[in-house]
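Working notes, structure below.
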Amino acid sequence: MSDVSHPPRTAAVIPAAGRGVRLGPGAPKALRTLNGTPMLVHAVRAMAASRAVTLVVVVAPADETQGVKALLADLALPDRTDIAVVPGGDTRQESVRLGLEAIPEGIDIVLVHDAARPLVPVDTVDSVIEAVRDGAVAVVPALPLADTVKEVEPAPSGGPEPVVATPERARLRAVQTPQGFDRATLVNAHATMAVAGGDGATDCAGMVERLGAPVVVVPGHEEAFKVTRPLDLVLAEAVLARRRANDGF
Ligand code: C5P
């Protein structure tokens, strides 16, 4: 697919329309601040840091679209990078689909990156893009697990849950974002899921798997963790402080 003189153009969709209830009450998760800057702004900068990314599409909470546009209007991004803001839907899947619809012709590679992973390093972004340029139709960055994982029969009341299986840890990976796709493959996966009414996939790569298309994993990064619970905010601010101390960022 790739041609050295004209590398395929890449857009990044950032679904940022979730409420983030696990972080506790307050602003939508993407608008929570890390060291005074909204997570979404960190996430946009992380995508724009890649020289390959020419467009960032932010999918905002429907009732916050104007506010998000205003927030991003003053953001200093590289000249190569355009930004668009569109209203999101009721599920992550719907928000991503709305983001995909905002991507113009001429872009062949699409990244999907959670606003809730504001600190992903540019090298991880570039290695995902590289793998798609090299011919993979779906690429996910991922890390081996530290914890052993049990599959259980969930107990609604919070009581003891019977263990059903213990998957072999060495074969498991915790997946992160940005996930990278051949655009046509991702659009097809979303169209197929919309028709099938399937809403069980928690990531886009899972939808591509259901199509029967191959998905590959490349190494993720510990700083690409998802900010989900209050303690994650503390960790994220510590990472930013370390970066500032190391390189003045
Ligand atoms: O809820 P979860 O942490 O899995 O959300 C992952 C990402 O999907 C977040 O960045 C969130 O803002 C986004 N999302 C969305 N639209 C929704 C629900 C979640 O864009 N309706």
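Just so we're clear, the structure is a prediction, and the values are computed from it rather than from any experiment. Both counts, for ligands and for their atoms, begin at 1 and track the order of listing. Computation of the quantities below employed the complete heavy-atom set of this structure, encompassing side-chain atoms and omitting hydrogens, waters and symmetry-equivalent molecules.
Side chain to side chain, His221 and Thr124 fail the donor-acceptor criterion of an N or O pair below 3.5 Å.
Taking every non-hydrogen atom of Lys29 and a distance limit under 4.0 Å, the qualifying atoms of ligand 1 come out as 3 (O). Those atoms of ligand 1 that come under 4.0 Å of a heavy atom in Ala116, given as number and element, are 10 (O). Listed by number with element, the atoms of ligand 1 under 4.0 angstrom from any heavy atom of Ser95 are 15 (C), 16 (N), 17 (C), 20 (O), 21 (N). The Ala16 neighbourhood of ligand 1 comprises atoms 12 (O), 20 (O), with distances under 4.0 Å to a heavy atom of that residue. Every atom of ligand 1 is numbered from 1 in the order shown, and the set under 4.0 Å from a heavy atom of Thr91 is 16 (N), 17 (C), 21 (N).
Using a 4.0 Å cut-off between charged side-chain N and carboxylate O, Glu223 and Arg242 make a salt bridge. Taking the charged nitrogens against the carboxylate oxygens, Asp147 and Arg169 have no contact shorter than 4.0 Å, which rules out a salt bridge.
Closest approach of Ala16 and Ala30 over heavy atoms only: CB-CB, 3.7 Å.
Side-chain atoms of Pro141 and Val175, non-hydrogen and from C-beta on, never get closer than 4.5 Å to each other. Side-chain contact between Val86 and Val57: present, with at least one pair of heavy atoms (C-beta onward) separated by less than 4.5 Å. The side-chain heavy atoms of Thr192 and Met207, taken from C-beta on, include no pair separated by under 4.5 Å.
Remark: minimum distance from atom 10 (O) of ligand 1 to any protein heavy atom is reached at Pro15 O, 2.7 Å. The protein non-hydrogen atom at the shortest distance from atom 8 (O) of ligand 1 is Arg92 CG, 3.5 Å. Of all protein heavy atoms, the one closest to atom 1 (O) of ligand 1 is Arg22 NH2, 3.6 Å. The nearest heavy-atom contact from the protein to atom 7 (C) of ligand 1 is Asp114 OD1, 3.4 Å. Distance from atom 21 (N) of ligand 1 to its nearest protein heavy atom, with residue and atom name: Gly89 O, 3.0 Å. From the protein, the heavy atom lying nearest to atom 20 (O) of ligand 1 is Ala17 N, 2.8 Å.
By the 4.0 Å heavy-atom criterion, Arg117 is excluded from the residues contacting ligand 1. For Asp90, the closest heavy-atom approach to ligand 1 falls below 4.0 Å.
Between Val59 and ligand 1, no N or O atom pair is found at a separation short of 3.5 Å.
Atom 11 (C) of ligand 1 has its nearest heavy-atom neighbour, among Ala30, Gly18, Gly88, in Gly18.
If you look at Lys226 next to ligand 1, the close heavy atoms, those under 4.0 Å, all belong to the side chain.
The distance from the CG atom of Asp203 to the CD atom of Glu209 is 7.0 Å, given to the nearest 0.5 Å. To the nearest 0.5 Å, atom CG of residue Leu211 and atom CG of residue Asn188 are 5.0 Å apart. For the atom pair OG1 of Thr177 and NZ of Lys226, the computed distance is 8.5 Å after rounding to the nearest 0.5 Å.
Put simply, atom 4 (O) of ligand 1 has protein non-hydrogen atoms near it, under 4.0 Å away.
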Please list, one pair per line, the donor and acceptor atoms closer than 3.5 Å that link side chains of residues 32-40 to other protein atoms, with sequence neighbours excluded.
| from | atom 1 | to | atom 2 | distance (Å) |
| --- | --- | --- | --- | --- |
| Arg32 | NE | Ala27 | O | 3.0 |
| Arg32 | NH2 | Gly24 | O | 2.8 |
| Arg32 | NH2 | Pro25 | O | 3.2 |

